[in-house]
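Residue numbers begin at 1 in each chain, while the letters A, B, ... track the order of the sequences. Reckoned from all heavy atoms, side chains included, excluding hydrogens, waters and symmetry mates. Predicted model, so just to flag it, every value in this text is computed and none were measured.
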Amino acid sequence: MKPKKLNAYSYLVEKEGKMKVPLKIFASEKIMEQLEQDRCIQQGINVAALPGIRGFSIMMPDAHQGYGFSIGGVAAIDKKDGCISPGGIGFDINCLPDGTRILSELGYFKPIEAFEHEFEEVEQAHPQYTLKMTQMLSKLQTFDQEKRQFSSRQPTFFMKKKHNGKVVSLRTAQGYSVQATPEHPVLTEQGMKPAGELQEGGKVAVHPFEGVAYEPVAPILLVAESFFTGQQQSALKKRGLLPLKLDHPKLAIITRLFGYLLGDGSIYFSGNKGFVNAYGSKEDLLLVQKDLNDLGFEAQIYTRRRDHSIPTRYGKVEFTADNHELHCSSGSLANLFYYLGYPRGDKANTEYEVPSWIRTSPLWMKRLFLSGFFGAELSKPRTHTKTGFDCPTISINKNTSEISAGRKFAIQLMVMLEEFGIETHALQERDDFVNRHGKTSRLKILISAKEENLLSLWSKIGFSYNLKRSMLADFAILYLREKKKLNAERAEGALKIQAYRKKGLSLREVQEIIVSPNMNARFVERHFYERAGQRITLNFDSFIEYTKRRETEIKKYGCLFDEIVAVKTEIYSGNVYDFTVPETHSFVAQSIIVSNCGVRLLVTNLEKQHVYPKIKQLLDRLFAHIPPGVGAKAVLRITREEMDEVLKDGAQWMVKKGYGTKEDIENCEESGRMEDADPSLVSNSAKDRGKGQIGTLGSGNHFIEVQYVGKIFDKTVAKTFGIEKEGQVVILIHCGSRGLGHQVCTDFLRKMEEAFPEIVAELPEKDLIYAPSGSHIATEYYKAMCAAANFAWANRHMIGHQARIAFKEVFGDAAELRTVYDVAHNIAKVEEHVADGKKFTAWVHRKGATRAFGPGRKEIPKKYQKTGQPIFIPGSMGTSSYVLVGTEKAMQESFGSTAHGAGRVMSRKEASHRWRGEDLKADLEKENIHIKAASWKGITEEAPLAYKDVDEVVKVSDDAGIGKLVAQLKPIGVVKG
Amino acid sequence: MKKFEFFDHTADAMFRAYGKTLEEAFVNAAKATYTLVTDIKKVKRKKEYSIDIVSKKKESLLFDFMDKLIFLTDTKGFLLADVKKLSIQDAASGHSQKGAQKKRPMEKLGIQYRLRAIVVGDSGDAYEIKTQIKAPTYSDMLIKEEKGKVMVQMVHDI
């Protein structure tokens with residue numbers, strides 16, 4: 001874990017262990033020595049292991065040990081909310097009531113509440129809801145809006161809460177229905193929309209395949225450990241596949257593969273080695289490969305052009321085609337299939353059955369076998385007339401000598417189909433070609449083409465490992481439902497016509513009542529005079545046309561839509577549920593944002609020689625107007641209601657109330673107000689603490705410093721910032737959101753720790769707790785943090801205003817103070833960045849690091865668009881501070897961030913032992929630096945030598961190009977809380 | 001027996017507090033905290049506040065106890081002179097003074113520990129404030145209990 005030196009100003013800790021990204025440290029050799037003295041490098045490494053982190057974990061030259069995050073740490077964490085819709089019937093599933101069917105990737109469904117048991121860790125998280133985290137065994141069928149396709153994912157969270165209020169009931173034209181809470185998103189052609197906003201006539205996504213209900217499985221032993229010896233045994237044990245029982249979580253996948261391999265696959269042995277092969281289209285073999293990978297086995301897909309010559313009863317058929325084969329060379333897997341009942345050798349010439357463990361297992365497991373087998377052997381949905389479907393067929397080739405075994409197998413399949421309510425016709429047999437073992441016969445199972453039958457076949461069993469056919473089956477299901485509905489409508493119409501006639505209505509009168517697009521005058525006439533049979537309308541789409549239409553839809557959206565025919569709001573009282581299905585884990589790290597502290601720089605029109613004679617008087621006035629603020633000593637008294645306004649509007653509220661100027665806000669990060677702030681998420685305790693502290697400084701490292709411009713490094717940029725000449729007096733304010741920010745932090749620390757005990761258990765430090773994005777707490781925390789940041793801006797704004805008063809008292813009305821900028825250096829923000837060549841939206845965590853945006857970023861004020869944003873790096877008490885400017889390079893190197901100060905090297909305890917406050921004051925006064933402090937102890941703790949050399953820190957920043965030097969500021973007076 | 005001592009920590013205040021019981025160690029932790037803030041011996045016993053908190057873990061109980069004190073300081077200007085009374089109730093061992101019948105409702109609520117305390121002290125501008133405590137932290141927090149010997153360790157963000 002030793003950091004490797006990259007160049008004069010940066011080091012790298014390579015990715016290892018749990019780290020998801022490397023750690024980049026901006027430091028010179030001298031600074032590196034200091035960094036290695038405390039735990040901050042380890043903390044940087046811990047941060048690199050957080051889920052969702054991109055690019056690098058970054059450490060600034062002023063870093064030192066913090067809580068969880070090191071101070072001086074930057075991390076860009078992908079904000080993307082992984083929550084996408086697991087489609088029961090294509091709808092998104094947050095907050096759905098009891099009984100809502102949820103489809104798993106394995107083709108079974110369960111009522112949503114039944115999934116609760118699959119979530120292992122259970123914790124009473126919150127009075128209003130139960131939250132569970134999972135090693136959930138089953139994956140859900142989910143729709144990925146970005147890739148526009150269905151895929152399977154494991155949900156990470158399961159939420160249950162009591163709901164007593166409105167739910168929206170939706171019904172679609174083809175008879176799909178769902179209930180959801182009104183705010184709950186549903187997938188429409190325009191993306192996700194809250195259920196409450198949907199209207200009749202709109203369209204929602206549907207998933208025509210329905211699957212079958214889940215039933216529990218008994219732990220019956222299928223393959224014992226003792227069946228295997230040596231290497232094969234350990235290979236299977238390593239993958240957790242021995243002993244293999246009927247309730248083994250991976251058996252579902254094995255069953256599905258078994259079915260497919262029995263159709264388009266082969267297993268053979270050569271000496272000690274075994275091989276599992278599968279044949280099919282490339283895209284389908286990728287699915288087989290994925291399942292094999294899930295079991296822990298590698299498989300390769302080969303493609304080769306082959307000339308085929310197949311003897312059939314109609315003569316030889318010759319053609320050339322690209323053949324795709326999947327090869328998995330694994331004796332243990334081959335043997336496992338063999339013990340499960342897979343035939344050894346040439347299937348056509350070997351007797352085999354549907355293994356009895358499949359025949360006796362619950363329907364959902366039978367379905368997995370059948371859908372796998374159908375992926376290989378069931379004919380595709382097709383019509384022989386415009387709207388009439390062919391009988392689907394299953395073909396089995398057998399050597400004629402083995403025909404009775406073939407019949408037995410076919411009958412077993414037919415019996416299984418019957419269990420799904422699917423009728424078959426008599427088994428057909430005919431002679432087929434001759435293979436190397438002799439004559440062969442073809443057995444054909446014909447499945448009844450009745451509409452109900454077809455719907456059952458395709459919506460309950462369907463096709464696995466055959467994307468084309470399963471898509472066609474989905475089309476066919478919707479097509480049949482539509483056709484059925486229309487037929488039912490016409491049949492009902494016919495009955496009505498007869499009834500009206502009996503009541504004595506004339507044909508004309510009946511026509512007037514009945515005629516509609518689906519029932520014309522001729523239809524009414526026919527049914528008026530005779531009991532005619534009825535058939536589908538002539539203008540009903542052919543299945544071929546319908547397929548083309550639906551294919552366009554799939555290409556455009558990746559899923560199928562159905563029209564909403566009824567939207568009803570109902571009152572529901574009971575439990576509602578929620579899954580979180582993440583694509584990328586992302587989160588807000590809680591520990592990072594403590595007090596949203598930051599720095600504000602004001603320039604004056606005064607010069608050093610004017611100010612110096614009156615410095616003591618000035619410090620007294622500053623101290624009087626800006627108290628350290630112990631125990632509710634706010635300079636401004638506000639009510640709770642006003643507090644909410646401050647939290648919502650930040651520094652802007654202050655200007656509205658007549659404190660400070662508009663220009664102050666224009667030159668403030670975020671214009672002094674973060675939009676996402678929600679005061680209702682800030683606790684009353686936090687508000688109470690904040691109320692007493694507006695316009696106060698706090699203690700510790702917080703201070704106000706009167707300084708003069710010592711040196712200008714970049715005249716043009718300095719001028720843009722309002723720094724005109726050397727000797728000009730400026731004021732630097734360093735403070736934060738005070739007790740309010742800390743209370744917000746403490747409140748959410750507790751909430752997260754209780755909501756995510758599993759996360760806490762995994763963390764190297766409890767203070768590094770986080771909330772996964774998509775969780776309520778993550779969103780709430782971010783909004784509360786924004787409110788705390790607004791308070792911090794309001795506070796620094798107020799302090800700036802008070803400083804202005806103090807200056808005018810001492811130097812008269814001619815004294816002018818203008819805000820250069822106000823930057824937070826303890827904050828998480830939503831920003832666009834690039835990592836690993838990809839653009840992403842990040843929650844950038846800057847913990848004791850300053851944003852350093854270069855020219856052109858939309859986030860910085862107009863005034864600084866050409867130069868980049870101003871950055872202030874305060875030194876320790878009595879040493880220089882620096883003004884830097886943000887760079888383009890910082891955008892690439894450090895997610896637009898640089899250092900924020902000198903950074904401590906010595907403990908407060910040691911510092912206060914080493915120096916006496918009075919001596920320190922005298923020493924500083926010798927250097928013409930005056931101090932006004934609340935306590936002697938406070939002075940010694942902040943002694944300059946207790947900090948890293950700020951000159952060295954800014955040099956690293958300048959050398960690394962992540963913040964270029966503009967001016968040096970030298971202190972003449974300090975006010976400390 | 002030493003009541004508390006401070007340790008080196010780069011940025012913040014780390015201390016250990018000791019006691020024969022968990023209660024005593026908590027009392028000393030409160031005193032250690034206010035030793036950072038002011039000269040605790042000079043603080044008059046003029047004001048009293050009662051504290052009642054519940055939690056699932058001892059660590060959170062300590063954290064919340066400190067948080068509550070800091071809250072009092074920030075909102076009322078309270079400075080601690082002493083802890084008059086402090087009891088910690090444990091649902092599992094039921095070692096509360098009031099006996100077994102008190103234990104049930106706590107368990108029902110999913111609460112493991114309950115701390116009740118009366119703290120005394122003063123507020124006002126008369127005292128020198130050495131430093132303000134921003135927040136308690138979980139950093140390096142440790143609660144070690146042996147028979148007749150309890151040690152709690154924590155770090156405050158100052």
Side-chain angles (χ1 to χ4, degrees), chain A residues 37-40 64-68 71 124 591 594-595 628-633 685-686 688-693 698-702 736 738-743 745-747 749-750 753-754 757 765-769 903-910 912 934-938 941 946 977, chain B residues 5-15 35-39 47 53 55-57 59-61 63-64 66-68 70-79 108-111 121-142 154-158:
Chain A
Q37 282 169 19
D38 68 18
R39 235 168 45 205
C40 66
H64 62 82
Q65 185 180 328
Y67 312 107
I71 312 286
Q124 203 64 36
S591 63
V594 180
S595 65
V630 175
K633 293 282 158 43
S685 321
D688 285 346
R689 284 179 74 172
K691 249 175 66 189
Q693 296 180 325
S699 68
N701 55 354
H702 290 159
R738 311 279 285 107
L740 179 137
H742 285 282
Q743 193 66 48
C745 173
T746 301
D747 292 343
L749 182 74
R750 179 53 41 82
E753 157 191 315
E754 284 179 3
E765 289 185 52
K766 202 170 173 182
D767 290 299
L768 198 55
I769 178 77
R904 291 195 79 94
V905 288
M906 191 186 290
S907 75
R908 292 173 201 267
K909 186 182 167 233
E910 192 184 338
S912 55
S935 149
W936 294 121
K937 180 170 177 272
E941 284 182 350
Chain B
E5 59 185 322
F6 291 91
F7 289 87
D8 274 349
H9 192 277
T10 317
D12 296 297
M14 178 176 179
F15 66 84
T35 303
L36 290 166
V37 178
T38 188
D39 187 348
K47 288 186 175 168
I53 43 182
S55 78
K56 275 188 197 161
K57 290 179 179 167
E59 283 77 12
S60 343
L61 199 69
F63 185 98
D64 285 354
M66 296 299 145
D67 189 51
K68 206 72 178 190
I70 294 163
F71 178 74
L72 284 175
T73 304
D74 269 2
T75 54
K76 320 262 184 203
F78 174 74
L79 297 172
K108 256 188 207 162
L109 290 167
I111 292 162
D122 195 8
S123 63
D125 297 334
Y127 305 101
E128 183 193 0
I129 304 299
K130 291 190 279 187
T131 192
Q132 294 180 47
I133 294 172
K134 289 175 184 159
T137 76
Y138 277 116
S139 178
D140 290 317
M141 187 185 281
L142 207 61
M154 75 183 297
V155 175
H156 288 315
D157 185 357
I158 61 177

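Contact annotation for Ser123(B): neither backbone nor side-chain heavy atoms come within less than 4.5 Å of a heavy atom of chain A.
Here the options are Arg738(A), His742(A), Gln693(A), the test is side-chain contact (heavy atoms from CB on, under 4.5 Å), and the partner is Asp74(B); only Gln693(A) passes.
With rounding to the nearest 0.5 Å, the separation of CZ in Arg750(A) from OH in Tyr138(B) is 3.5 Å. Atoms CG and OG1, on Asp688(A) and Thr75(B) in that order, are 6.5 Å from each other to the nearest 0.5 Å.
Under the salt bridge (charged side-chain N to carboxylate O under 4.0 Å, His left out) criterion, Glu5(B) pairs with Lys2(B), sequence neighbours left out. Asp122(B) is linked by a salt bridge (charged side-chain N to carboxylate O under 4.0 Å, His left out) to nothing, counting only residues two or more places apart in sequence or in another chain.
Crowding of Lys130(B) atom NZ: a count of heavy atoms from other residues, nucleotides or ligands under 6.0 Å exceeding 12.
Ranked by heavy-atom pairs under 4.5 Å with chain A, the first of Asp64(B), Val37(B), Thr38(B) is Asp64(B).
Counting heavy atoms from C-beta outward, Arg689(A) and Ile70(B) have side chains that approach closer than 4.5 Å. You'll find the side chain of Lys134(B) reaches within 4.5 Å of the side chain of His702(A), heavy atoms only.
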